[in-house]
Undergrad: 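What follows is a single structure, and I will ask about it in a moment.
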Amino acid sequence: GSGQQLSLPFEVVLDGYTREPWSSGGAKHNSDTNGWKSGYLLSTDGRNRLPGFLKYLRDRKKACIAKFNVSTASTKAILVVPFDPPPIPPNQLPAGA
């Protein structure tokens, strides 16, 4: 990756689904050359709904998307939650996970 911090708005609305090849977690995205940045989702509300949401995406082989404006620039961005995310390296897991 590019080493830049991933920055998202406080809240985004997941408002669409896609099966486009670019939305796959297995797709090879070179973030240094085309602007893709990767991050991991972590449920923090204690309701543990994230595993069920990911199962929903996997069962339908769809990625969920959210479009938003980047606050530090006058550009648009897209958040993609793939149905097949790559595994999280153990050194990137939060404490206690």
Side-chain angles (χ1 to χ4, degrees):
S2 64
Q4 283 185 308
Q5 178 69 28
L6 181 64
S7 178
L8 292 172
F10 177 74
E11 184 176 288
V12 294
V13 176
L14 299 171
D15 58 357
Y17 295 93
T18 185
R19 288 191 174 111
E20 293 291 331
W22 53 259
S23 68
S24 170
K28 299 297 181 203
H29 302 299
N30 184 338
S31 60
D32 291 330
T33 59
N34 66 16
W36 284 97
K37 295 180 184 172
S38 296
Y40 298 100
L41 298 176
L42 176 67
S43 178
T44 59
D45 67 0
R47 292 154 82 180
N48 204 25
R49 293 189 288 181
L50 190 55
F53 177 60
L54 292 175
K55 181 182 181 317
Y56 174 87
L57 295 176
R58 266 193 312 275
D59 290 350
R60 288 153 184 81
K61 293 191 175 4
K62 289 184 176 182
C64 190
I65 60 173
K67 297 175 184 174
F68 59 94
N69 292 322
V70 178
S71 61
T72 58
S74 58
T75 59
K76 294 188 184 271
I78 186 168
L79 171 68
V80 179
V81 180
F83 73 88
D84 58 347
I88 300 173
N91 65 342
Q92 292 189 18
L93 288 172

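Predicted model, so just to flag it, every value in this text is computed and none were measured. One is the number of the first residue; the rest follow in order along the sequence.
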Undergrad: Mind listing the closest non-hydrogen atom pair of A63 and P82 along with its distance?
TA: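 Looking at all heavy atoms of both residues, the shortest contact is CB-CA, 3.9 Å.
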Undergrad: Rounded to the nearest 0.5 Å, what separation is found between the OG atom of S23 and the NZ atom of K61?
TA: 12.5 Å
Undergrad: What are the two closest non-hydrogen atoms of D84 and G25, and how far apart are they?
TA: OD1-N, 2.6 Å
Undergrad: How many angstroms lie between CG in D15 and CD1 in I65, if you round to the nearest 0.5 Å?
TA: 6.5 Å
Undergrad: Please give me the minimum heavy-atom distance between A66 and F68, naming the atom from each residue.
TA: O-CD2, 3.8 Å
Undergrad: From K62 NZ over to E20 CD, what is the distance, rounded to the nearest 0.5 angstrom?
TA: 12.5 Å
Undergrad: Mind checking whether Y17 and L57 have side chains closer than 4.5 Å, heavy atoms only?
TA: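 Sidechains of L57 and Y17: in contact.
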Undergrad: What are the two closest non-hydrogen atoms of L14 and C64, and how far apart are they?
TA: CB-SG, 3.4 Å
